[in-house]
Visitor: 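My questions all concern the structure below.
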Amino acid sequence: RYRLGKKIYIPLSINYFYDQGGNRPFSFPICAFPIPTDVLHPYRPLYFLFMKAIIFDCDGVLVDSEKLSCSSWLPVLERHGIQAELAEIETFIGKSDQAVVDYFHNKLGIDLPREIYDERECEYFALAREHLQTFSSLRTVLSALQDRGIPLAVASSGRMEKIHFSLHHVGLESFFT
């Protein structure tokens, strides 16, 4: 998110256009647009003209869950005899739970049970019930898109139960039903 003057720009996706020689003369932020506090930018039709639908990731885009997800690993790993630091786990932001398990297997030679994923998810839900939030201005963005009839969807590598829980908990599920 970038602030320029009284507008907030939320970059979600950028399309790059190429000329016949393969050069990239310009990029068009199809899913990033300015949002003033009371109305959308006067050039908003240009942005919406090219949008057919928008697909959002969930964690780190719709909900501010990445630190909670990383933190939920610590007690689980500790119960399995692994001492880890939050900074070490944060290197896996954007990667799968399997990547975390593989990392500790390769680092320590420990085979972690398949149940560790359920344990970590229970820890996440406990933390998220108290601390999960969405991002400021996101409801404004989603409402503007919905008002213009642009279909919205969620695509995530996370489990469906976690996605539904997260969207419901922060009150965003109505945008994606």
Visitor: Side chain of Ser166, backbone of Ile163: donor and acceptor closer than 3.5 Å?
Guide: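 Absent.
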Visitor: Would you say that Leu86 contacts Leu74 through its side chain, given a criterion of any heavy-atom pair below 4.5 Å between the two side chains?
Guide: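 A side-chain contact under 4.5 Å exists here.
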Visitor: Donor-acceptor check, side chain of Ser96 to backbone of Ala99, threshold 3.5 angstrom: yes or no?
Guide: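 A pair under 3.5 Å: yes.
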Visitor: Might you point out which heavy atoms bring Asp57 and Asp59 nearest each other, and give the distance in Å?
Guide: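 Heavy atoms only, the tightest pair is OD2-O, 3.6 Å.
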Visitor: If you look at every heavy atom in Gly60 and Ser65, which pair is closest and at what distance?
Guide: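 Here Gly60 and Ser65 meet closest at N-OG, 3.9 Å.
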Visitor: What is the minimum heavy-atom distance between Ile150 and Ala53, and which atoms define it?
Guide: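 Scanning both residues, the minimum pair turns out to be CG2-CA, 3.9 Å.
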Visitor: Please say whether more than 12 non-hydrogen atoms of neighbouring residues, nucleotides or ligands are located less than 6.0 Å from NE2 in His168.
Guide: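 No, the 6.0 Å shell around NE2 holds no more than 12 heavy atoms from other groups.
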Visitor: How far apart are the C-alpha atoms of Phe176 and Leu62, what are their side-chain angles, what is the distance that settles it, and do they pass the side-chain contact (heavy atoms from CB on, under 4.5 Å) test?
Guide: CA-CA 11 Å; Phe176 302 97; Leu62 296 173; 3.8 Å; yes
Visitor: Do Val154 and Ile55 come close enough that some side-chain heavy atom pair is under 4.5 Å?
Guide: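 No. Closest side-chain heavy atoms not under 4.5 Å.
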Visitor: Please examine the side chains of Lys67 and Glu90, heavy atoms only from C-beta on, and report whether any two atoms are closer than 4.5 Å.
Guide: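 A side-chain contact under 4.5 Å exists here.
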Visitor: Answer yes when Lys107 and Glu88 have at least one side-chain N-carboxylate O distance shorter than 4.0 Å, and no when they do not.
Guide: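 Here Lys107 pairs with Glu88 in a salt bridge, since their nearest N and O are under 4.0 Å apart.
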Visitor: Could you grab the distance from atom CD1 of Ile116 to atom CD of Gln98, nearest 0.5 Å is fine?
Guide: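 Taking CD1 in Ile116 and CD in Gln98, the distance rounds to 10.5 Å.
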Visitor: Within 45° of the axis and under 6.0 Å from the centre of the six-membered ring of Phe125, does NZ or CZ of Lys162 qualify?
Guide: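 The answer is no; the distance or angle limit is not met.
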Visitor: Does one hydrophobic cluster hold both Trp73 and Val63, with members joined at side-chain heavy-atom distances below 4.5 Å?
Guide: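 No: no chain of side-chain contacts under 4.5 Å links Trp73 to Val63.
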Visitor: Same cluster or not: are Leu127 and Tyr117 linked, directly or through other Ile, Leu, Val, Met, Phe, Trp or Tyr residues, by side-chain heavy atoms under 4.5 angstrom apart?
Guide: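 As far as the 4.5 Å side-chain criterion goes, Tyr117 and Leu127 are not connected within one cluster.
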Visitor: CD1 of Ile93: more than 12 outside heavy atoms within 6.0 angstrom?
Guide: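 Check passes, neighbour count above 12.
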Visitor: Roughly how far, to the nearest 0.5 Å, is the NE2 atom of His105 from the CD1 atom of Ile82?
Guide: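 Separation between the atoms: 11.0 Å.
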Visitor: Taking atom OG of Ser136 and atom CZ of Arg139, what is their separation to the nearest 0.5 Å?
Guide: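 Atom-to-atom, Ser136:OG and Arg139:CZ are 11.0 Å apart.
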Visitor: side-chain contact (heavy atoms from CB on, under 4.5 Å) for Phe56 and Leu142? Distances and angles first, verdict last.
Guide: CA-CA 11 Å; Phe56 294 87; Leu142 296 175; 3.6 Å; yes
Visitor: Distance check, rounded to the nearest 0.5 Å: Glu85 atom CD versus Cys70 atom SG?
Guide: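 Reported value, rounded in 0.5 Å steps: 13.0 Å.
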Visitor: Could you check whether Arg120 pairs with Glu115 (Lys NZ or Arg NE/NH1/NH2 to Asp/Glu carboxylate O, under 4.0 Å)?
Guide: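 Answer for the salt bridge query: no.
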Visitor: Are Val76 and Ile110 connected in a single hydrophobic cluster, I mean Ile/Leu/Val/Met/Phe/Trp/Tyr linked by side-chain heavy atoms less than 4.5 Å apart?
Guide: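 Yes: a chain of side-chain contacts under 4.5 Å links Ile110 to Val76.
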Visitor: So, His169 side chain and Ala128 main chain: donor-acceptor pair closer than 3.5 Å or not?
Guide: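 Looks like yes, one N/O pair under 3.5 Å.
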Visitor: Looking at Gln146, I'd like to know if its CD atom is crowded, meaning that more than 12 non-hydrogen atoms belonging to other residues, nucleotides or ligands lie closer than 6.0 Å.
Guide: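 Correct, the count exceeds 12.
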Visitor: Atom OG1 in Thr91, atom CD1 in Ile89: separation rounded to 0.5 Å?
Guide: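 Between atom OG1 of Thr91 and atom CD1 of Ile89 there are 7.0 Å.
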Visitor: Evaluate the side-chain contact (heavy atoms from CB on, under 4.5 Å) criterion for residues Gln83 and Leu77: first the C-alpha distance (whole Å), next the side-chain angles of each, then the deciding distance (0.1 Å), finally the verdict.
Guide: CA-CA 7 Å; Gln83 296 296 316; Leu77 291 169; over 6 Å; no
Visitor: Go through His164 and Glu173 one step at a time and tell me if the side-chain contact (heavy atoms from CB on, under 4.5 Å) criterion holds.
Guide: CA-CA 7 Å; His164 286 290; Glu173 74 275 359; over 6 Å; no
Visitor: Check the hydrophobic clustering (I, L, V, M, F, W, Y; side-chain heavy atoms under 4.5 Å; chains of links allowed) and say if Tyr124 and Phe104 are grouped together.
Guide: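 Different clusters: Tyr124 never reaches Phe104 through Ile, Leu, Val, Met, Phe, Trp or Tyr contacts under 4.5 Å.
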Visitor: Is Leu167 reachable from Leu138 through a run of I, L, V, M, F, W or Y residues, each pair having side-chain heavy atoms under 4.5 Å apart?
Guide: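 Leu138 and Leu167: one cluster.
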Visitor: Working to the nearest 0.5 Å, report the span between CE of Met160 and SG of Cys58.
Guide: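 One finds 10.0 Å between CE of Met160 and SG of Cys58.
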Visitor: Measure across Glu123 and Ser72 and return the closest heavy-atom pair with its distance rounded to 0.1 Å.
Guide: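 Residues Glu123 and Ser72, closest heavy atoms: CB-O, 3.6 Å.
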